[in-house]
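Naming: A, B, ... by sequence-line order, numbering from 1 per chain. Model, not experiment: these values are computed from the prediction.
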Amino acid sequence: MPTVRAIDPNTLPKHFDAVEAEQRWHATWDQLGVYAWNAQRPREETFVVDTPPPTVSGSLHMGHVFSYTQTDVIARYQRMQGRNVYYPIGWDDNGLPTERRVQNHFHVRCDPKTPSVAGGIHLEPASDTKGPPRLVSRPDFIELCLQLTRQDEEAFKTLWRRVGLSVDWALEYSTIDVRCRHLAQLSFRDLWEKGHVYSVEAPTMWDVDFQTAVAQAEVEDRPTRGAFHDVAFGVEGQAEGFVIATTRPELLAACVGVTAHPDDPRFKPLFGKRAITPVFRVPVPIFPSELADPEKGTGILMVCTFGDATDVGWWREQKLALRQIIGRNGRFVPVEFGTDGWESGDAAAANAAYAQMVGKTVHSARVAVVEALRDPANSATRDGTAPLRGEPKPLEHAVKYYEKGDRPLEFVTSRQWFVRLLDKKEALLAKGDEIRWHPDFMRLRYRNWTENLNADWCISRQRYFGPAFPVWYPLDAAGSPDYAHPIVAERATLPVDPTVDVPAGFTDAQRDQPGGFTAETDVYDTWFTSSLTPQISSGWELDPARHRQLFPADIRPQSHEIIRTWAFYTIAKALLHENMVPWQHVVVSGWILDPDRKKMSKSKGNVVTPVALLDQYTSDGVRYWAASARLGTDTAFDEKVLAVGKRLVTKLFNAGKFVLGQGGEVAGIDAELDRAFVQRLARLVAQVTKSYEAFEYAHALAETESFFWHDFTDTYLELAKVRARDGGGGSALAALRLGLSTLLRLFAPVLPYITDEVWSWAFADETGSPSIHRAPWPGPADFREVAAPADAESFDLAVAALAAINKSKSEAKVSPSRGVATITVKANAATLARLAGVWDDVMASTRIVEHRLDPTADLADGVFEVSDVTFLAAPPKDG
RNA sequence: GGUCGCAUAGCUCAGUUGGUUAGAGCGCCUGCUUCACACGCAGGAGGUCCCAGGUUCGAUCCCUGGUGCGACCACCA
């Protein structure tokens, strides 16, 4: 029989120093290449994670740690199952969040007309953001974005390593890097060739601060305080007017129509006539519309270019005039009245009234218009009273905002690029159903969004820090761009920067010259690139062989609030490019909530910083907390759970120290108790494996933890340790080691540090797996050589007898370790007979000297009672 | 307003494919300096499984309705 040498517990620290161990294991894992993806292994052995690239625009909070750890646990399980795990990490650095952060950090604004700083720009963080921001050129602005995101990426990387993410750092990328830009442009080119993209000049949702168009998916409603203003309009050719209610009086100058419900008797007589607006005295058509709600406001409303999406619809259907008074920066632009089919009225007076509005923001224009509406001279009716009827009535209503913006969106007419999606809803829904969602109900979020989609995807942004469109426009003889015939760069020429590169058939001298060409200066919506993360991993057209190896991915981890954006767009791209699904599974993490059950987020100022918690509870402790929550379940942040995780780490350390501290001859596992334990262990492994296969890592952890703590350390270890320690316990020694080795591996996905630490004390050499994270996942092969116990209930009988004896000690208020001089154990005869195989272990662990087994017919099977207990004298206290 | 989720011990959460006394951890109580671990061990108290109906021999679990909390979407005159 082989002999195992005990480790010397004295060579181990008294307490587990997690911070030291974490540093040490990072180095070891790097050196061993434990997490490296092997490009040589085939697809069927590979497990591909489509990792979310975190937005690099600030700091990571516990919500990030929570969800990324959950993904890591799944990846670590797959790796131990022998899969070749492709687990990349990227940084989503392009886009508005970064631009905004750079603007604030350095107090700058990008101005394409400003010349670049010679020798490259270097700025210190701005200490004072008062006064006008410094204007910097587009290349300088991009450089500042890159500088700042590089810093952020380093900080993120440090934290992710600390948390123990088993990503392959060789696969690190950023969404602004040249390869991602190349892939984004290839994607555009492919969509262009397939006829899925188009550009059009139309009213589009517009953020006046960022001065860019935004997509439907990035819009959110926010309850906003406003006020109903009752405003009297005149009617052409009659004395009687009517009163509209509006929350946006400042748009009065942009009023191009008036509408009410077709069946509303109050306004029926007005349809077909023209209303006269107060102040500006513009005549506008009054038309019926089913969309007008007689119950709302006064039942009749003004249509402006543009107050909201409904206005856009009416403007199109009724072919109303266009008077776009709000400019791209949110300020009122000059407008000439009298040139839009207006015949009657006083254009000069209107122009004079409007002249005071030019340059004002929405807010101050509102003040100005309301002021004008208080003046009876501005009345459009003939009753001589002020157009504003009564005082504004405050209300709170939902207003559309860009999700990252601060002021309400406006509809601004501009030329934008779109991906045509509205005609592909059926195909999009079908793809969504091909994917398995965890939890399954999350697919309904996707369905709901897709079914209710009401606009194509606006992919152009009038910004700077993002991949460029590979597009130029020919200029006609007058120097005007021919938007109907864009020049899209050929695949082979990509990537291009249209502001630097020259389209085929032109020379650089023709740039921005009549008869020449001009660059498209818009950049992509950040989701246009982010929706390609599976292709960024696979290389797609840049590396077809790798693409076949890595696409579709196995899992897409993400949170549920971005199903409408990230998941949706990624599914759309895979559909449009290759008619495929981008991944087999979507695993949706929940949120961390405050104790008040509000989402933890930076804006709410309730974020707990991860580093302090990692220091206090160890990385494994924090991971334990994250892995305790099921997918899709929002969880209240509870520090007690982290403390439990830390205790589990300590317990593993101590149990490992004890088990591996026992040496001696190892025998086959043949004692009844040992066989009964191994049978339980094998059953646990089967259950835990099943849970992991279903992405139910929290269930797997709970089962493992319960077995480890209750069945292993409190029960089996106590029952077997005397035999293992006092020689002749080769079977117990082997079973204890098998138990420890198995439990360490079951815990390894969640607790990578402590498990590898204990593994390294003995099992690394014994098994030839230097890191537990490359050790084989436990399975039937580990237990094949151990015979089943003679009695299937041996383990439970031993536990029940042990509990009965312990209880007598507890009731007598003596130490559990106190020796028992005499005891009588009662059970029915059959139970006592079945106990025989494990009774010696029970006696040894409870320190029974003399006992009597008393068969009693009236006790149920498996039930023990003890009586006549006397104890040995307490051992002398030393010191 | 539409869709979805949740509601189980003081707290954080499991669980029951419908079946005798519903679980864990934390917290609480009673003990135990125990030779792996006091970040421990033993013992214990604590629950109308949100409410009302229905199906069933039987419901915490299934169905219907309601209440509360949360999310996503819509509502912007």
Chemist: Roughly how many Å is it from CG in A:D221 to P in B:rG1, rounded to a whole number?
Modeler: 16 Å
Chemist: When the C1' atoms of B:rG25 and B:rC39 are compared, how many Å lie between them, rounded to an integer?
Modeler: 14 Å
Chemist: B:rG19 pairs with which nucleotide, Watson-Crick or G-U wobble, both distances below 3.5 Å?
Modeler: B:rC57
Chemist: Using a 4.0 Å heavy-atom cut-off across all strands, classify A:N448 as base, sugar-phosphate, or nothing.
Modeler: base
Chemist: With both distances under 3.5 angstrom, what nucleotide forms a Watson-Crick or G-U wobble pair with B:rG1?
Modeler: B:rC73
Chemist: So A:W437 and A:Y446, would you call those rings parallel, tilted or perpendicular, with 30° and 60° as cut-offs?
Modeler: tilted
Chemist: Does the separation of the ring centres of A:W457 and A:Y569 fall below 6.0 angstrom?
Modeler: yes
Chemist: Let's test this: given Watson-Crick or G-U wobble pairing with both distances under 3.5 Å, identify the partner of B:rG27.
Modeler: none
Chemist: Describe the nucleic acid contact of A:R847 in one word from base, sugar-phosphate, nothing, applying a heavy-atom distance below 4.0 Å.
Modeler: base
Chemist: For the side chain of A:N452, counting heavy atoms from C-beta on, which of B:rC41, B:rC73, B:rC4 is nearest?
Modeler: B:rC73
Chemist: Please report the distance, rounded to the nearest Å, between CG in A:D634 and C1' in B:rC13.
Modeler: 14 Å
Chemist: Select base, sugar-phosphate, or nothing to describe what A:K807 touches, counting heavy atoms under 4.0 Å on all strands.
Modeler: sugar-phosphate
Chemist: Looking for any heavy atom pair under 4.0 Å, which part of the strands does A:L717 touch: base, sugar-phosphate only, or nothing?
Modeler: base
Chemist: What contact category does A:A702 fall into here, base, sugar-phosphate, or nothing, at under 4.0 angstrom with non-hydrogen atoms?
Modeler: nothing
Chemist: Under 4.0 Å, heavy atoms only, any strand: does A:R564 hit a base, just the sugar-phosphate, or nothing?
Modeler: sugar-phosphate
Chemist: Determine whether the aromatic ring centres of A:Y624 and A:Y617 lie less than 6.0 Å apart.
Modeler: no
Chemist: Please state whether the base of B:rC39 and the side chain of A:K646 form at least one donor-acceptor pair under 3.5 Å?
Modeler: no
Chemist: Determine the contact category for A:V399: base if any of its heavy atoms lies under 4.0 Å from a base atom, sugar-phosphate if only primed atoms, P, OP1 or OP2 are that close, otherwise nothing.
Modeler: base
Chemist: Between P on B:rC6 and CZ on A:R630, what's the gap in Å once rounded to a whole number?
Modeler: 8 Å
Chemist: With a 4.0 Å cutoff (strictly under), does any side-chain N or O of A:K14 reach OP1 or OP2 of B:rC39?
Modeler: no
Chemist: NA contact type, A:A292, heavy-atom cut-off 4.0 Å: base, sugar-phosphate, or nothing?
Modeler: base
Chemist: Among B:rC76, B:rG25, B:rC35, which nucleotide has an atom closest to any side-chain atom of A:S817?
Modeler: B:rC35
Chemist: Give me the distance, rounded to whole Å, that separates B:rC28 from B:rU33 when you measure between the C1' atoms they each carry.
Modeler: 23 Å
Chemist: How is A:T224 classified with respect to the nucleic acid when contacts are heavy atoms under 4.0 Å: base, sugar-phosphate, or nothing?
Modeler: nothing
Chemist: Would you mind reading off the distance between A:F707 atom CZ and B:rG25 atom P, rounded to a whole angstrom?
Modeler: 16 Å
Chemist: Assess the residue pair A:R248 and A:D311 against the criterion (salt bridge (charged side-chain N to carboxylate O under 4.0 Å, His left out)); give the C-alpha distance rounded to whole Å, side-chain angles, the decisive distance to 0.1 Å, and a yes or no.
Modeler: CA-CA 12 Å; A:R248 302 209 57 186; A:D311 280 350; over 6 Å; no
Chemist: What residues form a ring-ring contact (aromatic ring centres under 6.0 Å, His included) with A:F708, not counting sequence neighbours?
Modeler: A:F747
Chemist: Does A:D230 pair with A:K393 as a salt bridge, N-O distance under 4.0 Å?
Modeler: yes
Chemist: Once you apply a heavy-atom cut-off of 4.0 Å, does A:E705 come out as touching a base, just sugar-phosphate, or nothing?
Modeler: nothing
Chemist: Step through it carefully: locate the ring centre of A:W625, locate the ring centre of A:F637, and say whether they are under 6.0 Å apart.
Modeler: yes
Chemist: Using distance alone, with no hydrogens and no angle criterion, decide if A:S845 and A:E718 have a side-chain donor and acceptor under 3.5 Å apart.
Modeler: no
Chemist: Within this structure, what is the CE-to-C1' distance between A:M205 and B:rA74, rounded to whole angstrom?
Modeler: 13 Å
Chemist: Quick one: the side chain of A:T650 and the base of B:rC39, do they pair up donor-acceptor inside 3.5 Å?
Modeler: yes
Chemist: Ignoring backbone atoms, test whether A:R445 places a side-chain nitrogen or oxygen under 4.0 Å from the OP1 or OP2 oxygen of B:rC73.
Modeler: no
Chemist: With a non-hydrogen cut-off below 4.0 angstrom, is A:K296 in contact with a base, only sugar-phosphate, or nothing?
Modeler: base
Chemist: Select base, sugar-phosphate, or nothing to describe what A:W709 touches, counting heavy atoms under 4.0 Å on all strands.
Modeler: sugar-phosphate
Chemist: Indicate whether OP1 or OP2 belonging to B:rC75 is found under 4.0 Å from a side-chain N or O atom of A:K400.
Modeler: yes
Chemist: Using the P atom as the point on both nucleotides, what is the distance between B:rG27 and B:rU48, in whole Å?
Modeler: 23 Å
Chemist: Under 4.0 Å between any heavy atoms, over every strand shown, what does A:F653 touch: base, sugar-phosphate, or nothing? Just pick one.
Modeler: nothing
Chemist: Tell me the interatomic distance from A:H699, atom NE2, to B:rA24, atom P, rounded to whole angstroms.
Modeler: 15 Å
Chemist: If you assign A:K721 and A:L444 each to the RNA chain B nucleotide with the nearest heavy atom, which residue ends up on the more 5' nucleotide?
Modeler: A:L444
Chemist: Measure the distance from CZ on A:F712 to P on B:rC41 and round it to the nearest whole Å.
Modeler: 14 Å
Chemist: Do you see a donor-acceptor pair shorter than 3.5 Å between the side chains of A:W591 and A:S559?
Modeler: no
Chemist: Should B:rG40 form a Watson-Crick or G-U wobble pair with both distances under 3.5 Å, which nucleotide is its partner?
Modeler: B:rC32
Chemist: Does A:R647 have a side-chain nitrogen or oxygen under 4.0 Å from the phosphate oxygens OP1 or OP2 of B:rG40?
Modeler: yes
Chemist: Could you identify the nucleotide paired to B:rG65, looking across every strand shown and requiring Watson-Crick or G-U wobble geometry with both distances under 3.5 Å?
Modeler: B:rC51
Chemist: Quote, to the nearest angstrom, the P distance that separates B:rU64 from B:rA45.
Modeler: 39 Å
Chemist: Give a yes or no on this: more than 12 heavy atoms of other residues, nucleotides or ligands lie within 6.0 Å of atom NZ of A:K425.
Modeler: yes
Chemist: In whole Å, what separates the P atom of B:rG23 from that of B:rU17?
Modeler: 15 Å
Chemist: Determine the contact category for A:K657: base if any of its heavy atoms lies under 4.0 Å from a base atom, sugar-phosphate if only primed atoms, P, OP1 or OP2 are that close, otherwise nothing.
Modeler: sugar-phosphate
Chemist: On the nucleotide B:rC4, are OP1 or OP2 found under 4.0 Å from the side-chain N or O atoms that A:R443 carries?
Modeler: no
Chemist: Between B:rA14 and B:rA9, how far is it from one C1' atom to the other, in whole Å?
Modeler: 13 Å
Chemist: Rounded to whole Å, how long is the line connecting atom CG of A:L631 with atom C1' of B:rC13?
Modeler: 16 Å
Chemist: Taking the P atom of each, how far is B:rG47 from B:rC4, in whole Å?
Modeler: 36 Å
Chemist: Between A:V219 and A:T310, which residue's closest nucleotide on RNA chain B lies nearer the 5′ terminus?
Modeler: A:V219
Chemist: Within the structure, does a side-chain N or O atom of A:Q216 lie under 4.0 Å from either OP1 or OP2 of B:rA74?
Modeler: yes
Chemist: Between B:rG1 and B:rG65, how far apart are the two P atoms, rounded to whole Å?
Modeler: 16 Å
